[in-house]
2 protein chains.
Amino acid sequence: MSQTVADLRVERKPKLSETVVAAIRKQLLAGEVPPGQKLPTEGQLTETFGVSRTVIREALAKLAADGLVEARQGAGVFVSEHISTTFGVLAADMGAKDSVALNVLEVRLAIEIESAGLAAIRRNAAQEAAIQEAFFEFERLLLASQPTGPADLAFHRAIASATNNPFYVEMLDVLGRRAIPCDVTSPWSTELVQSDEYQRGLQREHLVILNAISAGDAEAAREAMRTHLTRSQQRYRERLQARQAYYANSLKAASTE
Amino acid sequence: MSQTVADLRVERKPKLSETVVAAIRKQLLAGEVPPGQKLPTEGQLTETFGVSRTVIREALAKLAADGLVEARQGAGVFVSEHISTTFGVLAADMGAKDSVALNVLEVRLAIEIESAGLAAIRRNAAQEAAIQEAFFEFERLLLASQPTGPADLAFHRAIASATNNPFYVEMLDVLGRRAIPCDVTSPWSTELVQSDEYQRGLQREHLVILNAISAGDAEAAREAMRTHLTRSQQRYRERLQARQAYYANSLKAASTE
DNA sequence: TATTATGCAGTTGTATGATGACTTTCGAAA
DNA sequence: TTTCGAAAGTCATCATACAACTGCATAATA
C-alpha cells in the first residue's frame, strides 16, 4: 500500500490516557489543586472520568514523569511543590491589561523561538506529524472560511510538545491563554483576523517554520519563528490601536445621541 | 521513628517499572535495537523481565513519554528514529528531580537569550551601568577568592532588567531559584564551581555578552548568551555525572565495610 | 499519664485474564 | 497479476484480586 498525501494527516485517535492527562494537567495549571495537596484517589478519578483504573494509572504515570505529581504508595498522589511556584505565581500576577499582554507576548516569543529550534532537533515522527496536521487543519478551516484560531494554537502547541520538554508546553499554556489574539467575537478583530489575506500571511509563515523543523534545521526554525512572532507582535499592536479607535468612535457616537 | 542520615540517601524502594525502564533504556542507548526497529512484544518482555504486563506497559509508557519509543496499536512498539543521545544518555541514570531541573534550565535559556537581545536594543545608561557593575563585582570577588555566585546572579538579573519588560525579571527569579546550581555545601560542587579556571571561563563569556549589549548588537548578544548558557548546561550535566560517581563510590565504600 | 504497640481502613503497586481495536500477513479468488 | 478478505499478532482497555505500604485510631504497657 502506498502512502498518499492524505496519510500525512495522521488523525490518530488519541489514547484515553492522553485525554485524561490533558484534563488533569489543565486543572493543575489552573491551580485547582494546591501544591502539596493530595489528588483524588485512583478510584475516584476512575469514576469521574468514566474510564478504568488502568487508564487513570497510565495518565498519572505520565504526569509523574513530567514532574507535575508524585505518587506515594499507601498515601496517595500529590501535586508537586515546585510546579505552581513556577507557573502559578506567574499566572496570578498577570492581569489582562494590554500593556501586560504585550509584555507577556514578548516572553512567549522567547519561549517559542527556542521551542522551534529544539523541535527541529528533537522531534519524533508522531510529533512532526502532529505539527503538519495542525498546519493542514489551518488550511482546511481557511478554505472553509471558518475561524482558524484553534488550529493556530494547535500548531504552536504541537511545536512546543515536540521539544520533549514538558515545561515548554506548560509555559505556552499559561502564557498563550492570555496572549493569543483570536477574539473573533469582538468587532475590532473580525475584520482583521478573518481577512483571507491576513490568514494567508500567517500560513505562509507557518510553512517556513514547518519546513525548517522538518529539515531539522534548528537555526532556520528559530529564525522563521522569530519573524513570525515579531510580525504577530506588530499585528497585535495595530489591532490594539484599531480597537482604541473603535471605542473612541463608539463613545463619541454615544455622546452625540 | 526518627529519620537517619541513611534514610536521606537511600531514597525509596524503586518501583518495578523503573527497573524495567532503566534496563530497556540502557539497551536502547547502547543501540541494541536500531531506531525504527520493533521492540519485543509486551508478552515477550513480560517473560524476559519476569514481571506482569502491567509493569511492562507502565515502563513502555514512560519510555514513550521520554520520546525514546513509539507504540502503534496493532503493530508493536518501535524505537524512535532520532534518539537524541545527549538527551537520552543523561536521562538514563537521572532521577526525576534532575530531569526537571534540566528542563527548567532549558526554559531559562530561552528567556535569557531573548533578554540579552532586547537588552542590547532597549537598555538605558543606568541599566547598562548596572550590568557593568555586576561584571566588575564578579571580577572583584574573583580576585578576592570569594564566592562569585551572587554577582553572577546579579549580572543576569541586570540584563533581564534592561529589557524594560518586568516579566523577564520575574521569570528569571522564579526559574533561577530552582535551576541555578549553587550548592556550595555539597562535595561535588565545591571543586568545580569554585575553581579559578572555571570562574575565569564564566567571566570571559560574560565579557562577550557585555560587549555585545554595549554595542547595541542584539544578534551578537543573543549568540553570546546562547553559547554562555549552553556551556553552562553542559557544565551542569557534567556536575550531575560527577555527583552520581560520588554516590556510586560512597555506596561501594559502604558495601565493603 | 505518657508512651509504645497493635490493628484497621484507605491507597497505591502488581498480577492475571478477558475483550475490543487495529495492523500485518498471506493465501485464495477474480 | 491484482484484489480482497480472513486470520493471526499486537496494543488498548476493562475488570478483579491481592500484596505492600501509610496514616490514624485504639489498646496495651510502663
Side-chain angles (χ1 to χ4, degrees), chain A residues 1-4 6-24 33 36-80 124-126 129, chain B residues 1-4 7 10-24 33 36-80 96:
Chain A
M1 163 178 165
S2 71
Q3 193 170 11
T4 70
D7 291 335
L8 287 177
R9 302 190 183 189
V10 277
E11 231 162 82
R12 150 170 132 348
K13 178 178 121 191
K15 299 206 303 183
L16 288 185
S17 62
E18 290 171 0
T19 313
V20 175
V21 163
I24 297 182
V33 184
Q37 201 71 17
K38 185 172 157 302
L39 261 64
T41 70
E42 295 177 351
Q44 290 171 317
L45 290 174
T46 295
E47 284 190 4
T48 52
F49 285 101
V51 296
S52 76
R53 194 169 155 227
T54 307
V55 174
I56 295 294
R57 279 190 59 78
E58 193 160 323
L60 290 177
K62 165 72 173 165
L63 290 171
D66 290 351
L68 281 177
V69 303
E70 299 169 21
R72 299 212 307 263
Q73 182 175 189
V77 181
F78 299 81
V79 182
S80 289
N124 63 29
Chain B
M1 179 189 101
S2 74
Q3 196 170 17
T4 71
D7 292 335
V10 151
E11 302 243 340
R12 71 206 194 306
K13 175 179 127 191
K15 300 204 301 184
L16 287 185
S17 62
E18 290 171 0
T19 313
V20 175
V21 163
I24 296 182
V33 184
Q37 201 70 18
K38 184 173 158 304
L39 261 63
T41 69
E42 294 179 349
Q44 290 170 316
L45 290 174
T46 296
E47 284 189 6
T48 309
F49 288 99
V51 295
S52 74
R53 277 205 321 282
T54 309
V55 174
I56 295 295
R57 277 191 61 77
E58 193 158 321
L60 291 177
K62 164 73 173 165
L63 289 171
D66 290 349
L68 284 177
V69 303
E70 300 169 30
R72 299 212 312 262
Q73 181 175 185
V77 181
F78 298 82
V79 182
S80 285

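Remember, it's a predicted structure, so these values are computed and weren't measured experimentally. Lettering of chains follows the sequences in order, A, B, ..., and the numbering in each one begins at 1. What you see below is based on every heavy atom in this structure, not just the backbone, and it leaves out hydrogens, waters and symmetry mates.
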Got a sec, which residues hit side-chain contact (heavy atoms from CB on, under 4.5 Å) with B/A75, two or more places apart in sequence or on another chain?
B/R72, B/F78
Can you name the residues that form a side-chain contact (heavy atoms from CB on, under 4.5 Å) with A/L16, not counting sequence neighbours?
A/V51, A/V55
Rounding to a whole Å, what distance do you find between B/L45:CG and C/dA15:P?
14 Å
What does the B/S/- profile of nucleotides 4-13 of chain C look like, 5' to 3', with a 4.0 Å heavy-atom cutoff to protein?
------BBBB
Non-neighbouring partners of B/T41 that pass side-chain contact (heavy atoms from CB on, under 4.5 Å), sequence neighbours left out:
B/K38, B/Q44
Partners of B/E42 by side chain to side chain donor-acceptor pair (under 3.5 Å), sequence neighbours excluded?
B/R57
Applying side-chain contact (heavy atoms from CB on, under 4.5 Å) to B/T54 and not counting sequence neighbours gives B/S52
Compare side-chain N and O positions of A/S52 against OP1 and OP2 of D/dC14 and report whether any pair is under 4.0 Å apart.
yes
